[in-house]
Amino acid sequence: MHDVKTDAALDSAWSGGASPFAMGSKKLGMWLFIVSDTLTFSALLITYTYSRITNPDWPKPFPMNPAIIFSTTMTVVLLASSLTMVMAVMAAQRNDRKKTVLWMIATMAGGLTFMALHLREWFHLFEEGATITHNPWGTPLFGAVFFGVTGMHMTHVLIGVIYLGIVATGYGRGKFSAEDVEVNGLYWHFVDLVWMFVFPLVYLMSVKY
Amino acid sequence: MNDHAHAEEAHAGASVGTNLAIWIGLVAITGLEVFLAYEELQPTLMLTILIGLSLVKAAMIMSYFMHLKFERFSLVLWLVPAMIFCIAMMMIFFFTEAYWGMGLRPH
Amino acid sequence: MLRRRSEVGSTTVALSLAVFLVLMTVVTVYIFMAKVWWFPPAITEFGHEIDDQFGRTLLITGIVFVLAQFGLAYAVFKFRDQGQKATYFEGNNTMEIVWTLATVVLFVGLGLYARNAWAQVHFQGAAEGALPIEITAQQFVWNFRYAGPDGKFGREKPELVSASTGNPVGLDSTDPASKDDIVAPVIAVPVNREIELIIRSQDVTHSFYVRELRLKQDAVPGMEIHMHFNAAVPGNYEIACAELCGLGHYRMHSMLQVMAQEDFDKWVKDQEAANQ
Amino acid sequence: MVTHENGGGHGHHQAPTGFIRKYVFSIDHKVIGIQYLCLALFSVFVGMALSALMRLHLGWPNAHWSIFKGGLMTPEQYLALMTMHGTIMVFMVLTTAPQSGFGNYFLPIQIGAADMAFPVLNMLSFWTTMVSLLVMIAAFFVAGGAPIGGWTSYPPLSALGEMAGPGQGAGETLWIIGLAIFCGASLMGALNFITTLIDLRAKGMTLGRLPLTCWTWFVTAILGLLAFGVLLAACILLLLDRVAGTSFFIPGGLVITDQVITWHKGGSPLLWQHLFWFFGHPEVYIAILPGMGVASHLLSTFSRKPVFGYRAMVGAICGIGFLGFCVWGHHMFISGMSPYSAFAFSILTMTIGVPSAIKTFNWLGTLWGGKITFNCAMLFALGFVSLFVSGGLSGLFLAQPALDLYLHDGYFVVAHFHLIMGVAAIFGMFAGLYFWFPKMFGRFLNEGIGKLHFWLTFIGVYAIFMPMHFLGLAGHPRRYFDTTAVEFLQKLQPVHVFISIAAFITIGAQLIFLFNFFYSLYAGKECKEENPWHATTLEWSIPTPPPFDNFAGVEPVVYHGPYEFSVPGAADDYIPQHLAPNLVKKA
């Protein structure tokens with residue numbers, strides 16, 4: 001590593017004194033969290049697929065009405081909340097604090113609606129006799145996987161709503177920056193993204209014809 | 001004080017219209033998925049199609065909503081492959097193992 | 001340096017370190033060569049193949065071990081601080097490429113070479129006409145089941161398992177095929193006969209391990225894992241459990257008895273009589 | 001210039017004044033590093049005490065000790081000691097000290113940053129680790145005692161609860177909860193490390209000028225980020241199996257002591273093994289990589305030579321990290337996995353020997369033609385190289401599934417992993433501690449006591465672990481409470497006695513170290529210089545001990561590679577990284 005190379009090297013983004021990805025540390029940190037959380041969810045979904053391969057009597061209990069209609073609605077609601085989050089981030093970048101907070105409240109409302117619908121769906125399943133350990137249709141692992149994976153996802157949604165609440169309040173009062181809103185947005189979109197895999201794998205692959 | 005520095009550099013994102021279009025696309029793909037679910041396809045084929053569509057959706061969310069399309073490209077080169085490699089390793093071996101284990105079930 | 005080390009002090013430490021490394025290497029190599037503690041003699045053809053592959057690996061790793069430790073010993077002694085100036089070099093690409101390629105060839109080659117032995121036990125099934133024996137592990141005993149004259153294993157039911165009343169594997173007496181099944185706490189096999197083991201577990205993971213066969217296989221609940229061997233030397237060999245299975249893991253012990261065909265026939269008769 | 005409002009920037013935060021903010025809930029990476037080191041020091045002595053008890057029992061299994069009625073311990077107590085020894089050593093010592101301890105303290109300084117990227121997250125990660133340690137240790141004090149399932153905790157033994165044995169009830173549950181908390185703590189730490197290294201490097205600190213210590217901390221953090229996420233999922237699933245009655249890892253039709261288990265069915269015990277080892281193998285490199293970094297760093301510094309083949313070293317570190325995710329199946333050759341996967345894993349595992357060999361050759365190349373001083377730090381670094389070779393080569397046996405059929409789950413494996421990821425990694429830590437102690441505390445560790453410590457430890461560990469290879473060759477299975485039930489094991493008893501005696505001497509040597517540590521902390525020779533070792537990296541450019549914000553608000557600029565020793569034409573035999581080229585004295 002001699003000084004001959006020095007000057008050319010110093011111009012590159014990786015030569016120190018700069019963030020090479022041109023993003024703040026918080027944003028990079030959130031991306032890294034997302035990478036690791038993706039692996040957690042992948043492990044869960046791979047466990048689901050593994051269990052399904054090894055249990056040929058896997059039930060297919062979801063009829064169009066109510067399960068698929070419900071879950072499709074949930075998907076659209078979650079996607080909509082992602083869109084409102086995008087709007088919030090864009091507003092924050094224009095430094096429009098009021099609009100940002102409003103869009104974030106809309107996002108929280110989307111998240112809460114998603115959770116309400118999801119819990120409604122859960123209770124419906126409980127009524128039919130499906131719990132984490134038992135279900136009337138087939139291998140007991142179905143309930144374990146279903147409630148395990150969706151429960152984990154719902155925990156993320158809940159954390160996301162709380163996180164949104166904190167950032168919205170803080171941003172409204174001028175304590176947080178636009179970057180904080182953007183980082184919060186990354187988390188929220190990630191929760192949405194995970195659902196894009198949970199929905200087809202857990203629901204659509206178990207449709208009752 | 002550094003908000004501005006970031007804001008100038010990184011926030012040449014998509015317009016509201018583009019984001020809305022992406023959103024409509026996502027909803028449309030979801031609809032397609034639900035439709036496919038009722039087509040009684042052979043499970044492996046259906047799984048492949050569903051996962052394929054989900055990956056498209058994930059790519060759309062990551063590129064536009066999560067802004068990855070507008071970040072430095074090296075971020076994509078750096079982060080995503082490591083993660084995908086791990087997931088791929090798990091899928092290759094875990095699923096081989098699942099099928100192998102099926103062959104060893106008690107009669 | 002903080003404290004100007006005297007040449008003598010540096011030499012003493014360098015020499016001690018070099019001498020220790022050489023001594024440690026020599027003693028280790030000696031114990032490996034003298035085979036003071038070693039494998040018991042193998043009783044299968046596969047076992048001999050394993051021993052040969054072990055020898056090849058030992059030779060290669062042994063050479064690397066001796067060269068590396070002696071090299072380290074030489075370097076610490078030869079280049080100790082005697083007030084000289086260190087020679088400046090940052091590396092040597094040719095050397096890097098040479099030793100990278102050399103280790104790739106050596107290590108991967110060794111791995112590929114071992115394929116044959118692995119294929120014998122695991123890619124190939126048992127030979128035609130093998131005698132099937134079912135092994136059921138439970139905390140902390142081994143049960144061995146023979147199909148009996150009809151050559152069929154009878155039905156088993158978990159709810160019938162009762163170690164205390166002498167039905168450790170849960171044989172279902174309503175199934176005619178299970179009438180003549182023999183269940184024994186030790187495994188007897190005829191010499192020079194291909195044996196197929198069907199290894200299972202009732203509760204937790206155990207591991208079937210016979211040193212002289214050079215075989216070890218986990219008994220996993222919910223799986224039936226097949227193994228095969230052909231023992232050539234009569235004798236009694238110990239079976240130990242090799243996978244932690246609970247507090248009695250260390251005393252989960254049984255015997256493999258390799259005997260002549262006529263002794264085996266007699267053993268089977270005795271077992272049948274005892275089972276009546 | 002990019003500044004960072006969230007901590008890592010220069011001159012942004014003030015030194016705290018109160019005791020609690022300064023020493024307990026501190027957000028200063030140096031204090032957190034020392035907290036991690038203290039946690040590891042406590043844990044290593046706990047883990048060592050457990051191993052002392054085990055060795056006492058294994059050496060003289062039938063002795064009647066007047067102070068212990070009815071023998072020293074029961075089988076379940078032995079297994080509990082073994083499980084907790086493994087867990088505490090792997091997670092609380094090998095994962096915390098080299099990475100979170102030294103890494104926290106020196107990574108920001110070596111790259112020229114004032115702190116980590118997320119100081120509060122850093123504090124949180126330490127205290128979460130602390131909670132996890134407390135939860136795990138609590139397992140000793142609940143009904144049934146600590147778990148007996150080993151640090152790998154294979155189900156169904158670990159999933160069935162009390163019926164599987166004592167300690168498998170509340171103890172095992174606490175163990176899993178503790179491990180899950182630890183996953184969270186490690187993830188926080190890992191993303192902090194990666195962000196810090198990417199964003200907070202000082203001007204001129206290109207990737208090619210990173211000290212190798214930083215490279216290893218960086219790659220280790222990436223491994224942690226990817227691996228702990230998977231372990232977290234596995235822990236959640238195992239916990240569900242235990243407390244919610246699910247059956248992810250439990251197949252149907254189990255019978256335990258004549259009782260049929262009807263409430264579990266459909267799961268696969270091998271799934272846990274896959275998930276666990278997908279984490280578990282990278283974990284091995286998490287433990288050893290920082291040690292490799294420290295060894296490379298010290299070999300270069302104390303032989304006054306640049307690291308031989310810096311690029312090859314970086315390549316080998318990355319190669320080991322990458323291959324670390326491709327080889328987990330070699331822990332499962334006899335588990336009933338597909339033999340075809342096993343063969344693939346075997347070849348990949350043999351491949352990982354290549355970057356390891358590159359490192360060894362390059363270490364020898366670094367020493368070659370040098371001017372070696374033998375202080376304690378260097379002695380431990382040299383010991384590291386020797387142990388790394390000895391421990392690594394036995395991996396070539398275990399990587400071949402056919403040979404593994406004989407050696408698996410025996411003392412050969414115990415010898416292998418103790419030498420390489422136990423003792424070698426700990427030698428890396430000792431080397432780092434003797435090297436950085438003066439910078440951290442302003443006093444030197446006593447060299448005389450240190451040399452005694454080194455020699456007793458170095459000879460001791462070889463005397464403990466070399467003979468274990470021979471126990472393994474004789475077929476001795478591991479995790480055996482005693483050898484009475486198996487005939488061929490009884491004649492191996494003298495080896496156990498020898499190992500136990502060697503272990504006690506080695507443990508005694510660690511008490512000498514403990515004395516040295518506290519003695520030197522208060523009465524050691526003072527170090528007032530910035531750069532007592534004449535080393536090149538940035539931590540030696542700041543006062544001893546470093547001030548709160550490391551560089552006093554002045555961002556350093558880096559002009560040189562990390563190992564510019566004995567450069568021809570320079571007057572001194574070292575050129576610090578921050579020294580402007582026009583200030584380098586000509587010979």
Side-chain angles (χ1 to χ4, degrees), chain C residues 1-2 5 10 13 24 28 37-38 50 54 57 61 65 68 71-72 75 79-81 84 86-88 90-91 96 99-100 103-104 107-108 111 114 117-118 122-123 158-159 161-163 202-205 211 214-218 220-223 225 238 240 242-244 246-247 250-251 253, chain D residues 75-76 150 154 156-157 165 251 253-256 258 260 269 304-306 308-309 312 334-336 339 346-347 350 353-354 357-358 361 364 367-374 389 393 396-397 400-403 405-406 408-409 462 466 470 473-475 477 479-481 485-486 488 532 566 568:
Chain C
M1 287 297 96
L2 168 77
R5 232 155 286 280
S10 163
V13 181
M24 183 277 296
T28 306
W37 297 282
W38 206 249
I50 292 294
F54 188 89
T57 313
T61 52
F65 177 67
L72 187 61
F79 303 111
R80 68 188 187 279
D81 182 1
Q84 82 274 30
T87 36
Y88 178 90
E90 288 182 310
E96 298 281 0
W99 61 50
T100 306
T103 41
V104 168
F107 292 176
V108 177
W118 181 243
H122 269 306
F123 293 175
E159 52 275 20
V161 170
S162 168
Q202 260 175 22
D203 38 37
V204 302
T205 308
R211 294 189 306 158
R214 306 281 188 270
L215 286 186
K216 188 178 285 152
Q217 176 57 57
D218 278 5
V220 185
M223 288 172 95
I225 301 166
E238 293 189 277
E243 185 69 75
L244 179 60
L247 59 96
Y250 69 103
R251 56 181 155 83
H253 177 257
Chain D
E76 59 270 27
Y154 279 7
L157 183 63
L254 296 193
V255 186
I256 290 199
D258 295 354
V260 186
R304 315 307 293 165
K305 272 191 66 212
F308 187 94
I334 63 154
S335 69
S346 155
I347 298 301
M350 293 306 256
V354 176
I358 292 174
F361 289 131
L364 289 179
L367 291 173
W368 218 263
K371 177 187 168 198
I372 305 173
T373 25
F374 298 94
V389 171
L393 284 170
L396 290 175
F397 295 85
Q400 302 175 39
L403 297 184
L405 282 176
Y406 184 82
H408 193 98
D409 259 320
Y462 267 120
M466 264 305 170
F470 303 111
L473 293 185
R479 296 168 169 178
Y480 263 38
F481 167 67
V486 184
F488 70 77
S566 306

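Here the structure is a predicted model, which is why all the values come from computation and not from measurement. Sequence lines set the chain letters: A, B, ... in the order given, protein chains first and strands last, and positions in each chain run from 1. Atom set for the values below is all heavy atoms of this structure, side chains included, hydrogens, waters and symmetry mates excluded.
- Heavy atoms only, all atoms of each residue included: Asp203(C) and Ile256(D) are closest at CB-CG1, 3.5 Å.
- At distances below 3.5 Å, not a single donor-acceptor pair connects side-chain atoms of Glu76(D) with backbone N or O atoms of Gly246(C).
- Using a 4.5 Å cut-off between heavy atoms, Leu244(C) touches chain D through backbone and side chain atoms alike.
- Contact annotation for Pro339(D): both backbone and side-chain heavy atoms come within less than 4.5 Å of a heavy atom of chain C.
- Your options are Gly369(D), Ala485(D), Pro306(D), and the one with the most heavy-atom pairs under 4.5 Å with chain C is Gly369(D).
- Gln217(C) is linked by a side-chain hydrogen bond (donor to acceptor under 3.5 Å, both in side chains) to nothing, counting only residues two or more places apart in sequence or in another chain.
- Contact of Pro269(D) with chain C is made through the side chain alone, with heavy-atom distances under 4.5 Å.
- Summarising the geometry, atom CZ belonging to Arg80(C) is positioned 14.5 Å from atom CG belonging to Leu367(D); distances are rounded to the nearest 0.5 Å.
- With values rounded to the nearest 0.5 angstrom, Tyr406(D) atom OH is found 11.5 Å from Ile50(C) atom CD1.
- Summarising the geometry of Lys371(D) relative to Gln84(C), their closest heavy-atom pair is CD-O, 2.9 Å, with the distance given to 0.1 Å.
- When the candidates Pro158(C), Ala117(C), Ala68(C) are compared by the number of heavy-atom contacts under 4.5 Å with chain D, Pro158(C) comes out ahead.
- Top candidate by heavy-atom pairs under 4.5 Å with chain D, chosen from Gly71(C), Ala75(C), Pro221(C), is Pro221(C).
- In this structure, CD in Glu96(C) is found 7.0 Å from CD1 in Ile358(D), a value given to the nearest 0.5 Å.
- Of the residues considered (Glu238(C), Arg251(C), Gln202(C)), Glu238(C) shows the highest number of contacts with chain D, using heavy-atom pairs under 4.5 Å.
- The minimum heavy-atom distance linking Tyr480(D) with Ala240(C) is given by the pair OH-CB, 3.4 Å.
- The side-chain hydrogen bond (donor to acceptor under 3.5 Å, both in side chains) check on Gln400(D) picks up Gln53(C), Thr57(C), with sequence neighbours excluded.
- Rounding to the nearest 0.5 angstrom, the gap separating the NZ atom in Lys305(D) from the OH atom in Tyr88(C) is 10.5 Å.
- Of the atoms belonging to Leu396(D), heavy atoms from both backbone and side chain fall under 4.5 Å from chain C.
- Residues Phe54(C) and Leu403(D) approach most closely at N-CD2, 3.7 Å, considering heavy atoms.
- When atom types are taken as modelled, the side chain of Lys216(C) and the backbone of Ile334(D) share no donor-acceptor pair closer than 3.5 angstrom.
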(request) Could you give me the CA-CA distance, side-chain angles and deciding distance for Phe79(C) and Ile372(D), then say whether side chain to side chain contact (heavy atoms under 4.5 Å, CB included) is met? (result) CA-CA 6 Å; Phe79(C) 303 111; Ile372(D) 305 173; 4.0 Å; yes
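- The shortest distance between side-chain heavy atoms of Thr205(C) and Pro156(D) falls below 4.5 Å.
- Aromatic ring pairs are classed by plane angle as parallel below 30°, tilted from 30° to 60° and perpendicular above 60°; the pair Tyr250(C) and Phe481(D) is perpendicular.
- Atom OG of residue Ser335(D) and atom CE of residue Met223(C) lie 7.0 Å apart, to the nearest 0.5 angstrom.
- If you measure heavy-atom distances from Val220(C) to chain D, the contacts under 4.5 Å come from the side chain alone.
- The structure places CG of Leu405(D) at 6.0 Å from CG of Leu215(C), a figure rounded to the nearest 0.5 Å.
- With chain C as partner, the option from Ile347(D), Leu364(D), Val389(D), Leu157(D) having the largest number of non-hydrogen pairs under 4.5 angstrom is Leu157(D).
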(request) Please test Thr100(C) against Val354(D) for side chain to side chain contact (heavy atoms under 4.5 Å, CB included), starting from the C-alpha separation and ending with a verdict. (result) CA-CA 6 Å; Thr100(C) 306; Val354(D) 176; 3.8 Å; yes
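- With a 4.5 Å cut-off on non-hydrogen atoms, Tyr154(D) touches chain C through its side chain but not through its backbone.
- Closest of all the heavy-atom pairs between Phe107(C) and Met350(D) is O-CE, 3.3 Å.
- With hydrogens and angles disregarded, no donor-acceptor distance shorter than 3.5 Å links the side chain of Trp99(C) to the backbone of Ala357(D).
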